[in-house]
Amino acid sequence: MEAFLGTLEATAVAETLRGARWGYAAVNTAHIFGIALLVGAILPLDLHLLGLWRSVPRAPLVRVLVPVAATGLAIAVVAGSLLFIVRAREYAGIEFLQAKLALVTIGTLAALTLHRRYGFLLERAGRSTLIRHALLSMSCWIGALVCGRLIAFAAP
């Protein structure tokens, strides 16, 4: 594993980012922007699934918020991967990063499973299913956000 992580750090992209102050800052900004889109879209949807804003139909919210969240996730994953390869060997051992990756994986798989099983607009999902999913989703994404912030305090 150490050799693989070293290979990641030796890539031209990683070397360029290590030497490009503004390039690294741009990637970091993209990562934060992706997280903002993701969490900013997921939390209102989860709150709606928990029962807030009952007068607002679910379908229009899902049509808008799910693609925004998916776009945010894609941006955050790509940018986060670029940030990781800059110091892959150091970051790989940080437990907060490992926890963050586990939470992101669980949150993503839970959302994909929910939409696949109950339809994109969740029209076939029962109330208890939506509540359980919303609680899991909020736990995963808020937990990932907290773990991501704590990485800065754990990094050597």
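Excluded from the calculations below are hydrogen atoms, water molecules and symmetry mates; all remaining heavy atoms, backbone and side chain alike, are included.
Remark: F96 CZ is loosely packed, at most 12 non-hydrogen atoms of other residues, nucleotides or ligands lying under 6.0 Å away. Within a 6.0 Å radius of CD in E15, more than 12 heavy atoms belonging to other residues, nucleotides or ligands are found. Heavy-atom contacts from other residues, nucleotides or ligands closer than 6.0 Å to CZ of F33 number 12 or fewer. By the 6.0 Å contact criterion, CZ on R127 is enclosed, its count of non-hydrogen atoms from other residues, nucleotides or ligands being greater than 12.
No donor-acceptor pair closer than 3.5 Å links the side chain of T108 to the backbone N or O of T105.
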Kindly indicate, with the supporting measurements, whether the criterion side chain to side chain contact (heavy atoms under 4.5 Å, CB included) is fulfilled by V78 and H31. CA-CA 8 Å; V78 170; H31 186 62; over 6 Å; no
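Both V146 and I94 belong to a common hydrophobic cluster when Ile, Leu, Val, Met, Phe, Trp and Tyr are linked at side-chain heavy-atom distances under 4.5 angstrom.
Here CG of L65 is found 11.5 Å from CG of L38. Values are rounded to the nearest 0.5 Å. Rounded to the nearest 0.5 angstrom, T129 OG1 and L114 CG are separated by 8.0 Å.
Ion pairing between a basic and an acidic side chain is recognised when a charged N comes within 4.0 Å of a carboxylate O; E9 and R89 show such pairing.
What you find for L17 and Y24 is that their closest heavy atoms are O-CB, 3.6 Å.
Ring geometry for H48 against W53 counts as parallel: the plane angle stays under 30°, on a 0 to 90° scale with 60° as the upper cut.
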